[in-house]
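For reference, the structure is listed below as structure tokens.
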Amino acid sequence: MNQRKYRLGLGMSGGGSRGAAHVGALQAFEEAGIRPDVIAGTSAGGIVGALYAAGKSPKSIMDFIGQSSLLKAYRLSLPTNGLTPFTFLRNKMAELIEEDSFEALKIPLHIGTTNLEKGEMVVFNSGQLYSVVQACGSIPMLFKPVEINGEWYVDGGAMNNFPVQCIRDQCDLLVGINVMPTVPISKRKVGGMVGVALRCVYLGIEVNSGPGRALCDILIEPQELYDYDVFRFRKVDEMYQIGYEAAQKAIPAIKEKLENLDLV
């Protein structure tokens, strides 16, 4: 007899503009009649997860991701005279999601953040929503930390870019979408200070995502996404399509596992 709280859980990693691949996957799932019962994510995965859990369609989420004002919000926040708060994201959440509450969402949601003071991962799943979404998207070195309950929080990817651990024991089937794959690359791509720095950042994310990736029953991890910079918002339509096609390939396996659960 099924003792777990949820049938299907969905985990979505961080990844900046690559979050468009999450939206493509959600569209493929919807077309196949697959809907998660609980969602966990951080950074881009937390933002997409919040909008989807609030009942927004994949199309409306893509409209949000693709708008030039979001790209401008990132570009204008590059360090000059100091970090800026990511108020654009909070304001958009207030505009798109009617109630500032996890409890008001249509799908239970868990969002991973990093508590700067304690140096630990903190997952929120209740209380006020907008500030948590703002915090989970506040990339260190670009945006100011967000104060929640008197403590400072930033992007959860700093500690765990794929925080599915918080729902693993609650769901029978866990499907994960990781938009930050690590692939072998040539010395030419690593060449130069920026290339080396980015590669090291991505490898660090690979390490902190590893435990979550290992917990997934089905892992969708499109390797093609590695070629897309995480701030390349002008390419979101291409990344959406990559996520859509990757999810389509996984759908038969997801349906088979769900059918097997019904037989137990």
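The shown structure was predicted, so the numbers you read here are calculated from the model rather than taken from an experiment.
Remark: side-chain polar atoms of Ser17 are paired, donor with acceptor, to backbone N or O of Arg232 under 3.5 angstrom. Under the 3.5 Å distance criterion, the side-chain polar atoms of Ser13 are matched with a main-chain donor or acceptor of Val179. Looking at Thr42, its side chain does come within 3.5 Å of a backbone N or O of Gly156 through a donor-acceptor pair. Judged by distance alone, with hydrogens and angles left aside, the side-chain atoms of Lys56 form a donor-acceptor pair with the main-chain N or O of Leu96 at under 3.5 Å.
Side-chain contact between Tyr6 and Ile167 is absent, with no heavy-atom pair separated by less than 4.5 Å. The side-chain heavy atoms of Ile139 and Phe231, taken from C-beta on, include a pair separated by under 4.5 Å. Val183 is not listed as a side-chain neighbour of Tyr202, based on a closest heavy-atom distance of 4.5 Å or more. For the pair His110 and Phe124, the minimum side-chain heavy-atom distance is 4.5 Å or more. Side-chain atoms of Met159 and Asn208, non-hydrogen and from C-beta on, never get closer than 4.5 Å to each other. Asp155 places none of its side-chain heavy atoms less than 4.5 Å from the side chain of Thr114. Within the 4.5 Å cutoff, side-chain heavy atoms of Arg35 are placed close to those of Glu30. For the pair Leu109/Leu129, a side-chain contact is recorded, criterion being any heavy-atom separation below 4.5 Å from C-beta on.
The local environment of CD in Glu120 is crowded, with over 12 non-hydrogen atoms from other residues, nucleotides or ligands closer than 6.0 Å. For CD of Glu103, the number of neighbouring non-hydrogen atoms (other residues, nucleotides, ligands) closer than 6.0 Å is greater than 12.
In the hydrophobic cluster analysis, where Ile, Leu, Val, Met, Phe, Trp and Tyr join through side-chain heavy atoms closer than 4.5 angstrom, Leu173 is grouped together with Ile251. Hydrophobic clustering, with ILVMFWY side chains joined whenever heavy atoms are under 4.5 angstrom apart, keeps Trp152 apart from Val146. Hydrophobic clustering, with ILVMFWY side chains joined whenever heavy atoms are under 4.5 angstrom apart, groups Ile218 together with Ile39. Under the 4.5 Å side-chain heavy-atom criterion for grouping Ile, Leu, Val, Met, Phe, Trp and Tyr, Leu89 is not connected to Val154 through any hydrophobic cluster.
If you check the side chains of Tyr244 and Gln248, you find a donor sitting under 3.5 Å from an acceptor.
Judged by the 6.0 Å distance and 45° axis criteria, Arg90 is not positioned over the aromatic ring of Phe143.
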Next item on the list: Take Phe162 and Leu219, measure what side chain to side chain contact (heavy atoms under 4.5 Å, CB included) needs, and give me the verdict at the end.
Entry: CA-CA 11 Å; Phe162 201 33; Leu219 179 64; 3.8 Å; yes
Next item on the list: Assess whether side chain to side chain contact (heavy atoms under 4.5 Å, CB included) is satisfied between Met121 and Gln165, documenting all intermediate values.
Entry: CA-CA 11 Å; Met121 182 82 174; Gln165 292 90 336; over 6 Å; no
Next item on the list: Take Tyr240 and Ile61, measure what side chain to side chain contact (heavy atoms under 4.5 Å, CB included) needs, and give me the verdict at the end.
Entry: CA-CA 11 Å; Tyr240 169 95; Ile61 299 173; over 6 Å; no
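The minimum heavy-atom distance between Gln223 and Thr182, with the atom names listed, is OE1-O, 3.9 Å. Here the shortest heavy-atom pairing between Cys166 and Val123 reads SG-CG1, 4.0 Å. Nearest heavy atom pair, residue Tyr228 against residue Glu238, reads OH-OE1, 2.7 Å. The heavy-atom pair separating Gly46 from Cys136 by the smallest distance is CA-SG, 4.1 Å. Taking all atoms of both residues into account, the shortest heavy-atom contact from Ala20 to Met62 is CB-SD, 4.0 Å. Shortest non-hydrogen contact noted between Asn178 and Pro222 is O-CD, 3.8 Å.
Between atom CD1 of residue Ile148 and atom OH of residue Tyr130 there is a gap of 14.5 Å, rounded to the nearest 0.5 Å. The distance from the CD1 atom of Ile242 to the CD1 atom of Ile220 is 13.5 Å, given to the nearest 0.5 Å. Rounding to the nearest 0.5 Å gives a distance of 12.0 Å between CD of Gln134 and OG1 of Thr113. Separating the CZ atom in Arg18 from the CE atom in Met239 is a distance of 8.0 Å, to the nearest 0.5 Å. The CD1 atom of Ile65 sits 8.0 Å away from the CD1 atom of Ile47 when rounded to the nearest 0.5 Å. Here Ile107 contributes atom CD1 and Asp37 contributes atom CG; the two are 8.0 Å apart, rounded to the nearest 0.5 Å.
A salt bridge links Asp262 with Arg7; the closest basic N to acidic carboxylate O contact falls under 4.0 Å. Note on Asp217 versus Arg168: salt bridge recorded, some NZ/NE/NH1/NH2 to OD/OE distance being below 4.0 Å.
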